[in-house]
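Below, chain A is the first sequence line, B the second, and so on; all start at residue 1.
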Amino acid sequence: MRRRRRLPRTTGPRRRVRRGRDRRQPRGPRPHRAAPRRRHPLRPRLRRQGHAGPDEGGRSLGCLARRDRRRPGAGRRHGHRPPAAGRVRRAPRRRRPGRPRRPPLRTDRPHRQGPDMTEAAGMRTDYCGELRATDVGRQVSVCGWVAKRREHGEHLAFVDLRDHTGVIQCVVHDDTDVRSEYVLRITGTVAPRPEGTVNDKLPTGQIELQDCTVEILSAAEPPPFPLDDRADDVDELVRLRYRYLDLRRERMQKNLRVRAKVNSAIRRSMEAQDFIEVETPMLMPSTPEGAREFLVPSRQRPGDFYALPQSPQLYKQLLMVGGTDRYFQIARCLRDEDLRADRQYEFMQLDAEASFVTQDDVLAFISEAVVAAAEAVTGERPPEIQQITWHEAMDRYGIDKPDLRFGLELVELTAIFSETGFNAFKAPSIKGIKVPGAAADYGRNKLDGLTDRAKASGAKGLVWLKVDEGGTTFTSPVAKFLSEAEVAGLVATFEAEAGDLLLIVADEWANTCEVLGVLRNELGRPPVHEGPYRYVWVVDFPMFVGRDDAGNPKPGHHPFTHPHPDDMDKLESDPMSVRSLAYDLVLNGWELGSGSIRIHEPDLQARIFRLLGISEEEAEKRFGFFLTPFKYGAPPHGGFAFGIDRLTAILAGEENIREVIAFPKPQSGLDPMTGAPTTVDANQLADLGLRTLPKAT
RNA sequence: GGUCCCGUGGUGCAGUUUGGAGUGCACGCCGGCCUGUCAAGCCGGAGGUCGCGGGUUCAAAUCCCGUCGGGACCGCCA
């Protein structure tokens with residue numbers, strides 16, 4: 001890192017303004033110091049940079065110099081710390097033998113008009129939150145915002161100064177007027193707190209800054225909401241409107257730093273695995289498959305549009321054709337779909353692609369990156385990520401993004417009812433879940449609620465049974481329809497005990513699983529960020545999911561996904577049973593991302609298009625720029641993309657990705673801070689050949 | 001596009017069920033007091049068109065309709 005010089009500590013204006021009584025009137029000389037000249041006390045008190053008056057330069061030096069003369073050794077003690085930010089952060093606090101002492105205070109520099117912004121990093125010697133008892137005796141300068149001030153009469157006040165590392169208590173004995181969120185530079189001596197005044201709740205609670213000289217770098221209006229933990233309860237719209245204030249909070253600063261760690265660890269991991277970072281265009285042709293796109297009108301071709309990328313999918317495959325071998329990008333993706341707790345218009349993905357690899361290779365690459373990111377944040381390396389097939393995920397958890405942190409697995413019951421007389425159970429697939437001990441908690445209302453939920457998910461109905469005392473009979477509206485053998489079969493299969501609640505669904509296999517999967521999550525799923533972290537690869541996704549209006553199968557992943565080699569012979573005969581080489585990575589029930597091995601053979605691609613009902617002409621029209629390259633020799637390749645916002649949110653302990661994005665948008669997509677989106681003036685529209693319709697009223 | 005929940009000084013709430021004067025609490029803010037506090041303490045003060053519009057009523061924060069804004073979820077996100 002480039003070495004940056006620190007500003008001589010004496011160049012800033014020393015502002016003396018008053019707080020408390022009589023702020024609007026000049027006051028007489030104060031008792032223990034010759035009264036310095038004072039600026040007019042009326043606020044705003046600060047002159048703008050460049051308009052500094054004659055009192056802004058030299059006097060403070062004089063004050064400090066006087067002070068230094070009064071305290072022999074103080075000047076020498078107060079030295080230049082290694083100036084680069086990284087060094088400051090990591091600098092050992094204990095001075096080791098042999099380590100050179102900090103260079104002496106420079107008092108020989110020419111006076112400056114206010115802080116020199118070209119040396120802003122040098123305005124301080126330390127971060128607020130990093131001072132410790134081992135720093136006692138040092139004279140330091142810290143910069144930050146006033147988190148809190150506590151006054152005790154005219155001549156004692158405590159100022160908690162905050163930067164992104166934390167707060168330090170500064171003892172101010174003069175009558176400087178500092179208020180919430182004023183930006184200060186405070187120079188003082190690190191001292192142990194007097195006996196009985198240690199604050200165990202603060203990492204800096206053993207010490208405080210004494211003999212403080214306060215420079216007001218910026219005055220501030222009171223913030224519209226408290227910038228501490230209480231802001232967690234403030235309306236998110238208010239936090240977003242003043243996001244720049246919200247970001248000062250410990251939680252937000254922590255989250256931004258978690259995110260930076262994730263990015264950094266991912267980048268290091270991918271590079272260590274021989275991936276190279278390549279940027280791909282933000283302006284690309286519209287490819288209307290999949291998510292709705294953001295369109296950008298072309299000025300030079302009025303009436304034509306670029307689209308912003310939903311993902312770099314097409315480009316990264318062309319990078320493979322281009323011999324790049326292993327590509328990655330921490331890529332911004334944009335989708336014009338409705339927002340959610342885990343969705344923004346724009347979001348970041350680790351996008352990766354590799355040539356001459358198998359599915360297992362890709363899973364290993366990505367696993368390594370995710371594990372590295374998790375380790376960078378938590379300090380613990382997660383265990384190897386397990387795999388589960390899509391079919392097993394559906395069968396056991398009823399969902400393709402299973403949350404493995406809790407039980408309530410689906411129990412297979414079909415065989416028990418193979419000869420049932422109960423019409424509702426004459427179905428291809430019968431499954432249930434057991435909620436241990438929940439019978440008493442679920443009265444009629446809650447059970448009706450579950451039934452409604454099941455029906456909303458597509459179930460014909462939901463059968464519930466409460467296991468009676470003794471554990472061998474049920475209380476249930478359908479109890480009378482069940483044979484003794486069926487009752488016994490249920491008790492045995494569920495390993496049911498008195499007080500358990502059993503929920504059963506009978507339908508086609510997929511429906512049965514999905515409905516119970518919804519109920520399972522409803523009944524047992526903890527908030528996503530609660531530990532432990534359970535990563536899982538879901539593999540062998542079906543090649544096709546459902547059929548479109550014309551009866552053609554629809555691709556489960558995307559139309560360039562390679563079919564599973566074992567199922568190639570079923571592509572035409574039984575397409576819906578064909579598996580693909582597509583895979584998802586799931587963490588605590590959130591889909592982190594997905595990927596696949598791609599089709600690199602033009603013949604196979606043509607075959608898939610035929611199955612999807614896409615004619616050659618249509619394929620050429622829609623994907624021509626993408627398909628032609630494959631005629632020139634495409635390597636076998638595959639890749640993956642996962643959402644960095646989601647991973648970061650979970651690792652940061654947040655349930656909402658907005659909390660780990662510096663400037664997110666609320667659910668409406670309207671930015672309360674900037675007002676975007678806005679109308680533009682007619683000339684801009686004319687330039688683009690656009691005309692807007694009147695807004696609906 | 002849909003379902004549900006929420007809009008009351010700068011912030012967080014109570015008050016709405018059962019209509020009766022902008023009523024209350026906490027924080028913040030402003031002023032005063034206070035030399036060891038730490039989400040300091042004490043005293044005083046300012047600050048609100050109860051999101052907006054309409055309706056019912058003698059009377060609406062409260063009931064009704066509409067609308068705007070926010071959130072969670074469904075649809076959607078190949």
Side-chain angles (χ1 to χ4, degrees), chain A residues 19-24 31-32 43 147-160 167-173 179-181 193-202 204-205 208 210 221-242 245 287-293 310-311 313-314 333-345 347 449 452-453 456-458 518 521-522 541 543-546 548 553-561 580 582 591 594 596 612 614 622-623 643 655-656 658 665-670 672 697:
Chain A
R19 71 186 153 81
R21 179 173 57 82
D22 207 13
R23 291 177 62 233
R24 292 167 187 275
H32 39 249
R43 286 203 274 172
K148 200 71 195 173
R149 122 203 104 130
R150 295 175 294 280
E151 292 178 29
H152 295 261
E154 197 173 337
H155 300 300
L156 174 64
F158 299 100
V159 173
D160 290 341
V167 296
I168 178 76
Q169 172 168 287
C170 305
V171 186
V172 178
H173 281 294
R179 297 182 179 237
S180 289
E181 301 307 318
R193 294 194 182 190
E195 198 170 340
T197 64
V198 164
N199 185 348
D200 293 329
K201 287 184 280 186
L202 286 179
T204 59
E208 62 190 13
Q210 295 181 350
E221 291 182 14
F225 59 93
L227 301 189
D228 55 29
D229 290 347
R230 285 172 294 191
D232 292 344
D233 297 323
V234 170
D235 189 335
E236 195 183 354
L237 193 69
V238 175
R239 292 176 52 209
L240 292 180
R241 184 173 297 138
Y242 300 95
L245 297 181
T287 51
E289 285 69 32
R292 196 176 290 120
E293 299 168 318
Q310 307 166 37
S311 88
Q313 180 67 38
L314 304 180
C333 306
L334 299 105
R335 295 179 187 173
D336 188 4
E337 298 288 350
D338 288 356
L339 277 41
R340 291 286 160 75
D342 59 352
R343 286 191 231 156
Q344 284 276 303
Y345 282 149
F347 58 98
D452 290 345
R453 195 77 187 83
S457 307
V518 169
N521 274 349
E522 195 105 330
F541 268 76
M543 184 79 183
F544 305 105
V545 175
D548 63 19
K554 293 191 289 188
H557 187 52
H558 56 57
F560 318 116
T561 304
S580 67
E591 181 189 321
S594 58
S596 62
L612 296 172
I614 300 173
R622 279 158 63 179
F623 307 112
E655 298 185 64
N656 190 315
R658 293 191 294 271
K665 292 182 176 53
Q667 205 167 56
S668 62
L670 311 178
T697 50

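- For the pair A:Lys148 and B:U37, the criterion of a side-chain N or O lying under 4.0 Å from OP1 or OP2 is not met.
- In this structure, the side chains of A:Pro222 and A:Ser180 stay at 4.5 Å or more apart for every pair of heavy atoms.
- Spacing between atom CG of A:Asp338 and atom P of B:G71 amounts to 12 Å, rounded to whole angstrom units.
- Spacing between atom CD of A:Glu151 and atom P of B:G28 amounts to 13 Å, rounded to whole angstrom units.
- Protein atom NZ of A:Lys665 is 13 Å distant from nucleotide atom P of B:G71, rounded to whole Å.
- The side chain of A:Arg150 lies closest to B:C38 when the candidates are B:C73, B:C38, B:C77.
- With C1' as the reference atom, B:C27 and B:A46 are 16 Å apart, rounded to whole Å.
- If you take CG of A:Asn521 and P of B:C73, they are 12 Å apart, rounded to a whole angstrom.
- Counting only heavy atoms from C-beta on, A:Arg149 has its side chain closest to B:C30 among B:A72, B:C30, B:U37.
- Across all strands shown, A:Lys201 has heavy atoms under 4.0 Å from sugar-phosphate atoms exclusively, and none from any base.
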Below 3.5 Å between N/O atoms, which protein atoms pair up with nucleotides 10-13 of chain B? Just atom names and distances, please.
| residue | atom | partner | partner atom | Å |
| --- | --- | --- | --- | --- |
| B:G10 | O2' | A:Pro224 | O | 2.5 |
| B:U11 | O4' | A:Pro224 | O | 3.4 |
| B:G12 | OP1 | A:Asp235 | N | 2.7 |

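- The side chain of A:Ser668 places no N or O atom within less than 4.0 Å of a non-bridging phosphate oxygen (OP1 or OP2) of B:G69.
- As rounded to the nearest Å, B:G20 and B:G31 have P atoms that lie 39 Å from one another.
- Residue contacts shown for A:Ala231 are absent, as no nucleic acid heavy atom lies under 4.0 Å away.
- Between the C1' atom of B:C33 and the NE2 atom of A:His152 lies a distance of 13 Å, rounded to the nearest Å.
- A:Gly196 comes within 4.0 angstrom of nothing in the nucleic acid, heavy atoms only.
- Between A:Gln169 and the phosphate of B:U37, there is no side-chain N or O to OP1/OP2 separation shorter than 4.0 Å.
- Straight-line distance from the CD atom of A:Gln210 to the C1' atom of B:U37: 13 Å, rounded to whole Å.
- By the 4.0 Å N-to-carboxylate-O rule, A:Asp342 lies too far from A:Arg340 to be salt-bridged with it.
- Counting any heavy atom pair closer than 4.0 Å across all strands shown, A:Glu208 reaches a base atom.
- The separation between A:Arg193 atom CZ and B:U37 atom P is 11 Å, rounded to whole Å.
- At whole-Å resolution of the value, CZ in A:Arg343 and P in B:G75 are 9 Å apart.
- Residue A:Arg658 is in sugar-phosphate contact alone, with no base atom involved, counting any heavy-atom pair closer than 4.0 Å across all strands shown.
- The side chain of A:Asn199 lies closest to B:A39, out of B:U37, B:A39, B:A72.
- Backbone-only contact: A:Asn656 has heavy atoms under 4.0 Å from sugar-phosphate atoms and none from a base.
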